[in-house]
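Input: a single structure, listed below in structure tokens.
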Number of protein chains: 2
Amino acid sequence: MALTDPTTRPAGPIVHPFIAKLDGFVALTEEAKAALKQASLGAHLIGPRIDLLREGDMPEGGILITEGIACRYKHRANGARQITAYLVPGDTCDLEFHPFREMDDAIATVSACRVARISAATLNELVAGHPTVAQALRMTALVDKATLREWLLNIGSRSAMERIAHLFCELFVRLQTVGLTAEDGYVLPMTQSDLADTAGLSSVHVNRSLQSLRRQGVIDLKGKNLTILDWARLKTIAEFKANYLHLGDRAAA
Amino acid sequence: MALTDPTTRPAGPIVHPFIAKLDGFVALTEEAKAALKQASLGAHLIGPRIDLLREGDMPEGGILITEGIACRYKHRANGARQITAYLVPGDTCDLEFHPFREMDDAIATVSACRVARISAATLNELVAGHPTVAQALRMTALVDKATLREWLLNIGSRSAMERIAHLFCELFVRLQTVGLTAEDGYVLPMTQSDLADTAGLSSVHVNRSLQSLRRQGVIDLKGKNLTILDWARLKTIAEFKANYLHLGDRAAA
DNA sequence: CGAGGACTTGAAAGCATTCAACTGAGGTGG
DNA sequence: CCACCTCAGTTGAATGCTTTCAAGTCCTCG
């Protein structure tokens, strides 16, 4: 079962995942691509488990992940944490920037990441000067919302194993579009505790659910390497449809 | 305990909740207000429990709710339904419009609603001609996302009673900003089954949780009339902080 | 080699679901 | 005008998924 078509899929990671992502939504002009490239220069390398923005911060601009995986999360008074999104290379947050807005959640790296900060000024130039970029950014906001809704469905109505299977499916497809998957798997830097806080489960139960998936021969997960042994079955378990990601013809089988 | 300040809060429903909402985010010019008023003319009256858009539809423009309450939802193959958002007067969907985009979820009325459809053309004029409107619309998209994240936290980490309490708090604050609350309550058109599909619970358990809230003297719910008997306690139970709604100085105590 | 974090496993307890039956209110048609 | 139907809400009991608590293993890193 070929998950990727080598004639159209990149062999390795895409150099500018952000540009590739936007270009996939709306065909960008060459000037727009150049401007985006310029804007994403000067990305910093940041270690794992570091907060990029905290609740209550007033960000000066937006954030772009170039390498690694980050997450958005919220904390409760009792210490419980809910992860509300994963950011993979090419993903951004708070580009629909608005002045005097306090963060109502936090952003942190999961693995080590390369992170570019995009100032409000740069952003304004980008949007004002390049209508295609503006349109593509609106589309990313739309996809972000659709993804949040799908996660709500996931947590609200699926069983533990289904939730995890769904997350694995989504990450596979998203990472695939930026060339960060192997033929049948990818690097999963989250701990089981992270997965628990993502899926609204206890880490013990995540552990048992993963074992169930392993026992059924659907996945193999050793350390941080996730191998999908039976993509069709994983999709069936998760009831996964990629339509909410709005990838168009980039969508995997 | 005065929930509303009669000197600053409207006594009745706001005539143009959409304009009031946007104006609260970004001060609108008079021309912008006039244009918005024009755009929201011709709202249709639609009965309860009617689909406005279905999954797979390609909407021609956006939707604005002028009266009543609607919801966004997704269905699973097994018939399970997850409500992912409630739309109250002044709320919109799909104004961050993008051509050739298929709906990945559905929109339906809960109560009878007055609904205005805003064409892509009108929308483009509005955004192109009125920067304040464009900025305010970006802000609504931001708040929509923040609300989805809060719901994720709600379903993912709170107990049944807490989830319901949180929803009641959120709706109170949102309805209050458009003048649709009484001093200590509001009209709640959702059935217990709707609440169940919102909170990721069974309707039986919603019923029992409501009774628990009633027994504690926190709320009174008769038919479609919700009365909040103890706002402080309801907020405490829900661990409700309105910051994610980004209402600024409009926020209730 | 020690320490700590991640992962695993077992058993008990609990919150939530399912099934099933019943009440009550609202609307329809004879 | 009332019987009847339907849907929303209520209640009880049994089941079960998930959590919690606790202890122990494995692995990595300093």
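The sequence lines fix the lettering, A, B, ..., with proteins before strands; numbering per chain opens at 1.
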*asked:* Counting C-beta onward and ignoring hydrogens, is there a side-chain heavy-atom pair between B:Val115 and B:Glu67 closer than 4.5 Å?
replied: no
*Carefully, step by step, assess A:Arg76 and B:Glu162 under the rule salt bridge (Lys or Arg N to Asp or Glu O under 4.0 Å).*
CA-CA 12 Å; A:Arg76 287 186 56 195; B:Glu162 292 166 352; 3.7 Å; yes
*ring-ring contact (aromatic ring centres under 6.0 Å, His included) contacts in which one or both residues fall within residues 55-77 of chain A, not counting sequence neighbours*: A:Tyr73-A:His75
*Hey, is the main chain of A:Gly68 close enough, under 3.5 Å, to the side chain of A:Ser111 for a donor-acceptor pair?*
no
*Provide the closest heavy-atom pair for A:Leu221 versus A:Arg214 in the form atom of the first, atom of the second, distance.*
O-NH1, 2.7 Å
*Under 3.5 Å, is there a donor-acceptor pair between the side chain of A:Ser157 and the main chain of B:Ala80?*
no
*Pair A:Asp194, A:Thr191: side-chain N/O donor-acceptor within cut-off below 3.5 Å*: yes
*asked:* Using a strict heavy-atom distance below 4.0 Å, which residues from residues 152-162 of chain A are in contact with DNA chain C?
replied: none
*asked:* What I'd like to find out is whether the side chain of A:Asp197 reaches to under 4.5 Å of the side chain of A:Gln82, using heavy atoms alone.
replied: no
_Geometric class of the A:Trp231/A:Phe172 ring pair [parallel <30°, tilted 30-60°, perpendicular >60°]_ = tilted
*State plainly whether the residues B:Glu55 and A:Lys241 are in salt-bridge range, i.e. N to O under 4.0 Å.*
yes
*Just by distance, do the side chain of B:Ser202 and the backbone of B:His205 share a donor-acceptor pair under 3.5 Å?*
yes
_Testing B:Asn207, B:Leu195, B:Ile155, B:Val206 one by one against B:Leu201 for a side chain to side chain contact (heavy atoms under 4.5 Å, CB included), which residue passes?_
B:Val206
*Are any side-chain N or O atoms of B:Thr177 and backbone N or O atoms of B:Arg174, one a donor and one an acceptor, separated by less than 3.5 Å?*
yes
*Contacts to DNA chain C from residues 200-219 of chain B, heavy-atom cutoff under 4.0 Å, which residues?*
B:Gly200, B:Leu201, B:Ser202, B:Val204, B:His205, B:Arg208
_Heavy-atom side-chain proximity of A:Glu170 to A:Tyr86 below 4.5 angstrom_ = no
*Within residues 74-87 of chain A, residues whose heavy atoms come under 4.0 Å of DNA chain D*: none
*Just checking, any donor-acceptor pair under 3.5 angstrom between side chains of A:His166 and A:Arg158?*
yes
*When you list every nucleotide of DNA chain D with an atom under 4.0 Å from a heavy atom of chain A, which one comes first 5' to 3', and which comes last?*
D:dT18 to D:dC21
_Along DNA chain C, first and last positions that approach a heavy atom of chain B under 4.0 Å_ = C:dA16 to C:dC19
